[in-house]
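Each remark here refers to the structure printed beneath this line.
Counting from 1, the numbers follow the sequence of the chain as shown.
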Amino acid sequence: MYNREFVKAKTAAKVMTTEAAALKKIVLDTVAEANKLVGDTLGPNGKVVLIERQENLPPFTTKDGITAFNSMAYSNPTAQAILEAARDSSSKTNVEAGDGTTTATILAEALIRLGFQYIEKNPHLSVQQVMRELEGAYRDLVIPFVKNNSVKITNDNDSDLLRKVALIATNNDDEMADAVVKGFDLVGHNGNITITEVPDGAASGFGVEKIEGFPIARGFEDSCGRFLEEFINDKANYRTVLEKPKFILYNGKINEISALLPLLHKVVAATGLQEGQELDTVTHSPNIVIMAHHFSEVVIAWLAKNFGNSGTLNMIPLKIPLLTQQASAPFQFLLDVSAFTGAAVFDPLTHPLESGQLEDLGTSPIQFFEFGRYKSLILGEPDEILVIQRVEELETQAKHAESSLDAEYLNERMALLTGGIARIKVFGSSESELKEKKHRVEDAVCAIKGALKEGVLPGCAKTLLTLSYMIMNSDRSDAVKSIMGKALRAPFKRIFTNGGYQLEHYDKVYTTMLDMKKPFFFTYDALNHKYGDAIEMGIIDSASAVLMSLKNSLGVAKMLMGLSGIVVFQRDIQKEVSAAKNDDEQNVAMQEAIEESNRQQWEPPY
């Protein structure tokens with residue numbers, strides 16, 4: 001008998017913070033710094049943030065709150081963990097409402113700061129009890145008030161209201177707002193907008209055109225997990241672009257690589273990659289988009305490894321978006337994609353992957369697949385016959401829908417198949433100018449989508465101030481009044497101070513705005529320093545953004561105020577510096593490619 005020694009890797013050493021005072025201090029310090037940086041961009045007089053980028057890319061400026069927030073990072077691992085948790089409120093608001101991310105950040109900081117103060121004065125109360133009272137006020141008071149007082153956008157008022165929403169989001173840039181509204185005119189309220197930067201040393205402006213395409217409400221953030229960086233091939237725009245892609249549509253989960261191999265071997269043989277043929281001379285595209293309900297981490301890791309190797313297939317995983325809670329929704333989505341691309345839908349029983357042929361990967365002349373962080377686009381001309389057949393099926397289903405919600409969902413899917421995509425071109429003379437303009441266009445597009453969903457409310461934080469007044473004069477608990485009642489005033493104070501006002505003028509404007517003899521849409525124009533009707537002045541907010549910003553900031557406050565400890569990994573600074581040095585050659589090559597691209601005044605070919 002031989003003695004064997006088995007060496008087991010021990011858990012990495014971690015940093016633990018459990019002392020209440022230390023937890024409170026680092027939470028407050030972190031959210032305060034985030035509030036300062038992000039909050040200073042709020043309102044018509046908000047400032048811009050200059051952001052440095054890695055890989056020798058030039059820095060850029062932005063007035064977009066979520067972009068500024070996403071750029072933040074700490075060397076302190078505990079502060080970084082708190083930052084990422086706090087950032088979640090802005091990110092969720094951006095995804096759910098498309099706007100209001102800066103407001104969510106300001107509200108989260110105010111709720112946490114005032115919440116800690118109240119708990120310190122009332123130690124007999126638990127954080128959980130206080131947060132339940134705050135959530136009850138949101139549910140019973142905030143939601144009904146917003147829904148009952150918002151002005152819905154209809155065919156009679158859409159052109160006027162949408163342009164005013166766009167103007168606010170673009171900092172009163174008429175040309176930019178007109179371009180965004182024109183984009184929605186081309187594809188309708190349910191249509192989709194994509195934004196492209198076009199470097200041009202001489203021109204500065206915007207262009208709008210309609211292109212054939214199919215949008216997908218999911219990107220690499222949800223699909224690729226921790227391997228997402230391996231799939232990025234356009235670092236400057238943080239996305240993946242595949243030319244002339246083919247599609248594997250699978251109605252099920254892909255947990256083993258072996259399920260894909262028989263079909264992939266046929267693709268490799270058709271491309272000629274196994275004989276060492278160059279990618280630009282192959283007869284069958286080596287670019288493949290794989291759509292399924294779920295991918296195991298093993299499969300994603302294997303796809304990531306192949307994506308980074310030259311001379312192999314470029315395959316990216318895309319999880320099917322959860323559009324509704326219906327059990328058949330993923331399959332119905334795949335049928336829509338199948339109609340657009342001409343690809344077959346595989347499933348484990350009737351059409352397994354092992355039986356797939358090359359023609360099952362798509363017959364339509366799709367030009368590009370754009371894989372973004374939160375959304376993806378299939379760009380190209382679909383097979384009209386297949387699309388018409390699919391639309392007819394959806395029309396029949398809509399006529400026999402069991403509810404108005406189901407019928408609305410089916411109509412949205414028909415719009416996606418037939419509406420196309422509006423592309424807004426942003427022209428600029430420098431990288432910094434392009435990025436700053438693009439972020440403002442994105443803000444305007446998102447603000448319009450939010451307004452279309454729930455309607456509009458008076459701007460300059462009038463709704464939040466009114467809710468604060470209602471709470472302070474209600475029979476709500478002292479906790480709700482001391483925390484939420486005061487926190488709801490924070491966004492208006494920030495708009496006020498960003499405009500150069502002193503806080504002594506705050507009471508006068510606050511009292512005038514909340515004159516109960518005035519209509520609800522009576523508000524203040526912080527740019528031109530005047531009062532008036534919000535719609536006439538164009539000072540309006542998306543109702544969806546107001547609701548989501550408060551909802552998500554409450555969620556973050558509940559989590560960070562209720563912490564009993566924080567456990568994080570230690571940072572190995574020397575190792576990170578060494579890894580950065582090893583990337584120098586790649587960074588230089590990328591910079592040379594960017595400079596060459598700028599010299600040729602490159603424009604996306606779709």
Side-chain angles (χ1 to χ4, degrees), residues 35-36 39-46 100 102-111 113-115 117-118 134 137-138 140-151 164 168 172 455-543 545-547 549-550 553-554:
N35 174 49
K36 178 66 174 70
D40 281 352
T41 68
L42 183 66
N45 300 301
T102 305
T103 301
T105 305
I106 295 171
L107 285 172
E109 186 276 337
L111 289 168
R113 173 171 43 81
L114 293 168
Q117 291 176 4
Y118 188 81
L134 297 180
Y138 174 81
D140 301 332
L141 192 152
V142 175
I143 294 177
F145 179 83
V146 169
K147 290 186 177 293
N148 292 335
N149 288 277
S150 62
V151 172
K164 289 175 177 176
I168 291 293
N172 295 289
V456 297
L457 294 165
C460 200
K462 172 65 180 290
T463 304
L464 298 179
L465 291 180
T466 304
L467 287 168
S468 171
Y469 178 85
M470 292 171 60
I471 289 173
M472 299 303 285
N473 291 277
S474 71
D475 58 356
R476 294 283 166 179
S477 68
D478 183 57
V480 174
K481 293 179 180 180
S482 300
I483 301 173
M484 182 181 286
K486 294 179 180 179
L488 290 173
R489 302 172 186 170
F492 175 68
K493 285 185 177 179
R494 182 54 65 86
I495 294 174
F496 205 74
T497 55
N498 284 351
Y501 292 98
Q502 300 299 317
L503 283 179
E504 53 261 29
H505 300 296
Y506 167 81
D507 289 338
K508 178 182 178 182
V509 178
Y510 173 80
T511 303
T512 305
M513 286 180 67
L514 289 182
D515 185 349
M516 292 297 110
K517 297 179 182 179
K518 302 287 186 181
F520 173 58
F521 270 77
F522 177 81
T523 191
Y524 181 67
D525 181 349
L527 180 64
N528 298 305
H529 318 303
K530 64 180 182 179
Y531 301 93
D533 182 83
I535 293 180
E536 290 182 2
M537 295 190 300
I539 312 298
I540 50 181
D541 285 333
S542 160
V546 172
L547 283 174
S549 61
L550 183 52
S553 58
L554 280 170

What's the shortest heavy-atom distance between P44 and I495, and which atoms?
CD-CG2, 4.5 Å
Interatomic spacing from OG1 in T511 to OH in Y506 - rounded to 0.5 Å:
9.0 Å
Rounding to 0.5 Å, atoms CG (L111) and CD1 (I106) come to a distance of 12.0 Å
Closer than 3.5 angstrom, by distance alone: can the side chain of S468 be matched with the main-chain N or O of G485 as a donor-acceptor pair?
yes
Donor-acceptor contact below 3.5 Å, side chain T497 vs main chain R494
yes
With side chains defined as the heavy atoms from C-beta onward, is the minimum distance between Y510 and L465 less than 4.5 Å?
yes
Spacing of CD1 belonging to I471 relative to OG belonging to S482, to within rounding of 0.5 Å
11.0 Å
Smallest heavy-atom separation, G459 atom then D541 atom, equals CA-OD2, 3.4 Å
Is any side-chain heavy atom of F522 closer than 4.5 Å to a side-chain heavy atom of P458?
no
Main-chain N/O of F521 paired with N149 side-chain donor or acceptor, under 3.5 Å
no
Out of I539, L514, L467, which one pairs with K462 under the side chain to side chain contact (heavy atoms under 4.5 Å, CB included) rule?
L514
Is the closest side-chain heavy-atom distance between K486 and Q117 below 4.5 Å?
no
What heavy-atom pair brings L457 and A543 nearest, and what distance separates the two atoms?
CD1-CA, 3.7 Å
Check against side-chain contact (heavy atoms from CB on, under 4.5 Å), L550 and V546
CA-CA 7 Å; L550 183 52; V546 172; over 6 Å; no
I need the F145 CZ to T463 OG1 distance, nearest 0.5 Å.
6.5 Å
Between A526 and N45 the two heavy atoms that sit nearest each other are O-ND2, 3.3 Å
Begin with the C-alpha distance, continue with both residues' side-chain angles, and end with the deciding distance and a verdict on side-chain contact (heavy atoms from CB on, under 4.5 Å) for M472 and L488.
CA-CA 11 Å; M472 299 303 285; L488 290 173; over 6 Å; no
Return the CD1 to OG distance between I540 and S150, rounded to the nearest 0.5 Å.
11.5 Å
M484 vs L114, side-chain contact (heavy atoms from CB on, under 4.5 Å): CA-CA, chis, key distance, verdict:
CA-CA 8 Å; M484 182 181 286; L114 293 168; over 6 Å; no
Could you check whether any side-chain N or O of N528 sits under 3.5 Å from a backbone N or O of K530, counting only pairs where one atom can act as donor and the other as acceptor?
no
At what distance, to the nearest 0.5 angstrom, does CD of E536 lie from CG of D525?
12.5 Å
Report yes or no: does K518 contribute a side-chain atom to a donor-acceptor pair with the main-chain N or O of M513 at less than 3.5 Å?
no
Minimal heavy-atom distance between V509 and Y531, with the atoms involved, is CA-OH, 3.5 Å
Heavy-atom closest pair, residues L107 and S553
CB-OG, 3.6 Å
Relative to the ring of F492, is the ring of F496 parallel (under 30°), tilted (30 to 60°) or perpendicular (over 60°)?
tilted
Evaluate side-chain contact (heavy atoms from CB on, under 4.5 Å) for L141 paired with V480, printing each intermediate quantity in order.
CA-CA 12 Å; L141 192 152; V480 174; over 6 Å; no
